[in-house]
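Here's the structure we're looking at; comments come further down.
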Amino acid sequence: MLRAYRALLVAGFQNASQYRLTLFLYVFFSVLRPIIFLAAWVAVANARGGSVGSFSVTDFATYYIALTVVLHLALSWNAYEFEFQVRQGRLSPLLLRPLHPIHYAVVENLVWKMFTIVALVPVLILTGITFGVHLTAQPWHYVLFVPSLLLGAALRFLFGWIIAASAFWITRVSSVSTFFDRIQFIFAGQIAPISLLPGALQTVAYAMPFAYMFGVPTDILRGATTFEQTLVFLFVQAAWVVAAYLALQAVWRAGLRAYSAVGA
Amino acid sequence: MRYLRLLGIFFRTELQFELAYRVNFIAELFGLVMIVATSLAAVLVLFAYSPTMNGWTLPQMLVLLGVFYIVQGIGELAFTPSFERFMEHVRLGTLDFILIKPASSQFLVSLRHFRISAIGQVVLGLGVVGAGMVQIADTISAVDVISFVVALSCGLVLIYTLLLVLSTLAFWFVRVENLLVVYQAFLDAARFPVDIYPGWLRVTLSTVIPIGVAVTVPAQAVAGKLELAGLGTIVAVAIAAWLFAAWFWRFGLRSYTGASA
């Protein structure tokens, strides 16, 4: 298994290095998005005399820079490609290989992240200089951030695969994907730090998996959680990962039975 | 006149094409509603904390968000589908077939294909603009409405010329799909007024990539933030941009050699 992963990683790197400029541009501009909402919150904070709730302007900057890092490392895209593979019948040869298709996606995401982190750094520095950053995290925050990020990434990855697996039944996954992307847009901490979502929305956010993908690791990274809270969050994240894993297994098995390759 | 008729024919064929996939069409409309609704929710969350944002009130912001979806929608409807195909044509060398047709090459390249479902986005955008305008109806004069329409038209011209210039670069660089990603990334920033952004981003959105002004200026007209000089500027800039893009297109066309020539 390890050997398979090493071979896939090498191949992935060789493949990705063909498209260096694409990757660079893509990352540079995909990180513009958090800056958009950062600027909006700064405008709101300024209208209120410098702060919103417990957030000052520098807190917002810290939050959105931390979020950019988390989004970059924990986000994964599979649904579109998987839909394509199922629709075109290209999944069939992949199923015959000894390795489960999910492993290819894992490697693809790993390579992508290692490649693009280079482009991310200058953008974050630029944002940091523009808005000013304020780090309050303790050393243990950084230590616990690592498992939280991994759990968040795993949850997002598994969730993405559950949605992608719906391609076995419906051939247009992109609308399902859009639906969940937009829910995530509201509840994962992108439009606002979760603690600033008004009343009921905040409760909903913590009851759904999306906050545990990005918002929770972000709050840990910027040092906004107490030690007890952090442990609770990690526990809930782990529970969601287990639930998503079991759900994916069930969906995948049922899906394979429903799958009839195009042209078969 | 002849061009309008051609446009009608292109539009009809695209409509027939799209209607062949009805469920897909409905799914896309559903996605659009979802996107606009969540964006509205995001704006409402921001305004839950403050009645104004950099001097913009909620109704004014709704107008701006509506304009954003109109501009984005028309871009998706009429501009980007054609430009995407155009880049493909350059790469494959099939642009030759377009160049020999007896009509303006710029017209054929930029307004040949349509994404019909984006009409839904334009309609939703109009709805959001309407919802904003109704709340501030007593402050809007007839002059404001006229300058809104003028500014919006200029904004669309700016978007069109930007895309035309970006696409023309394909003559030299061949693989420029990424430049459309640039357009999309900056377009997303236009959902808020340009004046909230820090210097470098504000300047970029107002000059090199004028997506910010294309959306903000029409909304300013309704919000009573637009002086006559500002309106004059955007009209002048739109005309200049159009002339430049048309010249740049012809200049780029001379560099085109065909894929196998």
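A, B, ... follow the sequence lines: proteins, then strands. Residue 1 opens every chain.
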Counting only heavy atoms closer than 4.5 Å, note whether [X] contacts chain B via side chain, backbone, both or neither.
X: A:V52; result: side chain
X: A:L201; result: side chain
X: A:F185; result: side chain
X: A:I191; result: side chain
X: A:A192; result: side chain

Taking the six-membered ring for Trp, are [X] and [Y] parallel (under 30°), tilted (30 to 60°) or perpendicular (over 60°)?
X: A:F179; Y: B:F30; answer: parallel
X: A:F157; Y: A:W161; answer: tilted
X: A:F55; Y: A:Y63; answer: perpendicular

Part of B:L201 within contact of chain A (heavy atom distance under 4.5 Å):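 For B:L201, the side chain is the part near chain A, not the backbone.
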
Go through the atoms of B:Y49 and report whether side chain, backbone, both or neither lie under 4.5 Å from a heavy atom of chain A. both

Do you know which of [options] has the most heavy-atom pairs with chain A at a distance under 4.5 angstrom?
options: B:L44, B:N54, B:L46; answer: B:L46
options: B:P51, B:A48, B:G31, B:A27; answer: B:A27
options: B:S39, B:A37, B:A41; answer: B:S39

When A:A40, A:G53, A:A45 are compared by non-hydrogen pairs under 4.5 Å with chain B, the top option: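 Looking at each option in turn, the highest pair count goes to A:A40.
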
Would A:R156 count as a cation-pi partner of A:F159, with NZ or CZ less than 6.0 Å from the six-membered ring centre and within 45° of the ring normal? no

Taking the six-membered ring for Trp, is the centroid-to-centroid distance between B:F248 and B:W172 below 6.0 Å? yes

Hey, do the aromatic rings of A:F37 and B:F192 have their centres closer than 6.0 Å? yes

What pair of heavy atoms forms the shortest contact from B:V213 to B:I234, and how long is it?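 Closest heavy-atom pair between B:V213 and B:I234: O-CD1, 4.2 Å.
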
If we count only N and O atoms by modelled type, under 3.5 Å, do the side chains of A:T178 and A:D181 hold a donor and an acceptor together? no

